[in-house]
Amino acid sequence: MVRSVIDVLDLSTKELEEIIAVAQDIIAKPDDYADACKRKKLATLFFEPSTRTRLSFEAAMYELGGNVISVSSADSSSAMKGESVADTVKTVSCYADIIAMRHPKEGAALVASKAAGIPVINAGDGGHCHPTQTLADLLTIYREKGRFSDLTVGLCGDLKFGRTVHSLINALTRYNNVRFVLISPEELKVPSYVKRDVLKEKGYSYIQTTNLESYMPELDILYMTRVQRERFFNEEDYLRLKDSYILTPDKLKNAKKDLSILHPLPRVNEIAVAIDDDPRACYFKQVKNGKYMRMSLILKLLKEAGRI
Ligand code: CP
């Protein structure tokens, strides 16, 4: 079966480091890659809204000299008529060389990868995984800190539904001496399967707290997340929890001078715009890094599939 990436753990530590090395090379010498995917097509199938992920995949393919075909919303495709994910990707495989797919249902990308016959990249499946956001996060951490080990990482906000949080924890538990501070309201704690199967199973120390400020001085990385309205069944709960954490300049007074503030974006209220000019704000660098890591991943998967 052709290789797909559904979870960040589908990539070994060595492969992640190779993807980072190629992304750094693309940043340094973009012209060397300008024709790397000439006459190849990426299909972006997005059945859930997106700005960054879809456009960065598309920009990535154009910068590799390839082309893009796209479904940008569920209601503009035959999914609205009841077509299954498997039939959709079998069809798209007749037109494209590689697929990036976002879907509201957990497991949809895995189903697609089994039916497609061409590489499928999971661009987010419900509250489950978002591996290419993790690639963006990892390149950002690497470029800011020069390492993945010996870090105290604060994850703050919606840690229950935040698929980017689950993927990042999985990726960082491959490195030594990473300490996690899990900051969330009681109702939005990291799911117990992540604590049991990832953190405890691999012997990583973590702290669960509702209080961001008391742990701020210890953090090397602060990964803020949005409380996701679309994952709530009850609007009242969303309204009660949505502004649980709002990072303002005042709250950074006791933070390390070399703290790196990340956020997968979109942001709603959880980081004040006043922080954007703080040199510790890395979230727009993270957006840019996402494009380079997606370029590197597209190249890897198309090479392995024998398509370039
Ligand atoms: N970070 C992220 O997945 O953003 P989009 O939802 O805009 O793609």
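Counting starts at 1 for both ligands and their atoms, following the listed order. Counting from 1, the numbers follow the sequence of the chain as shown.
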TODO: Could you check Asn269, Thr164, Val268 and say which one makes a side chain to side chain contact (heavy atoms under 4.5 Å, CB included) with Arg226?
DONE: Val268
Task: Numbering as shown, the atoms of ligand 1 that approach Gln133 to under 4.0 Å (heavy-atom distance) - done: 1 (N), 2 (C)
Task: Exercise: do Asp25 and Tyr33 side chains pair donor with acceptor under 3.5 Å - done: yes
Task: Path from Phe161 to Ile169 over hydrophobic side-chain contacts below 4.5 Å - done: no
TODO: Can you sort out which atoms of ligand 1 are near Thr53, meaning under 4.0 Å from one of its heavy atoms?
DONE: 2 (C), 3 (O), 4 (O), 5 (P), 8 (O)
TODO: Below 4.0 angstrom from a heavy atom of Thr51, which ligand 1 atoms are there? Numbered from 1 as shown, please.
DONE: 5 (P), 7 (O), 8 (O)
Task: ligand 1 contact on Leu265 by region, counting heavy-atom pairs under 4.0 Å - done: backbone
- [ ] Please report which non-hydrogen protein atom sits nearest to atom 6 (O) of ligand 1, along with the residue it belongs to and the distance in Å to one decimal place.
- [x] Arg102 NH1, 2.9 Å
- [ ] Evaluate whether atom CD of Glu186 has more than 12 neighbouring non-hydrogen atoms of other residues, nucleotides or ligands under 6.0 angstrom away.
- [x] no
Open item on the list: I'd like to know if the side chain of Arg54 pairs up with that of Thr44 as donor and acceptor (distance under 3.5 Å, no hydrogens or angles considered).
Closed with: no
TODO: Measure the distances from the heavy atoms of His130 to every atom of ligand 1 and state whether one is below 4.0 angstrom.
DONE: yes
Task: Nearest protein heavy atom with distance in Å, relative to atom 4 (O) of ligand 1 - done: Arg52 NE, 3.1 Å
Task: Glu48 and Arg163 ion-paired at < 4.0 Å - done: yes
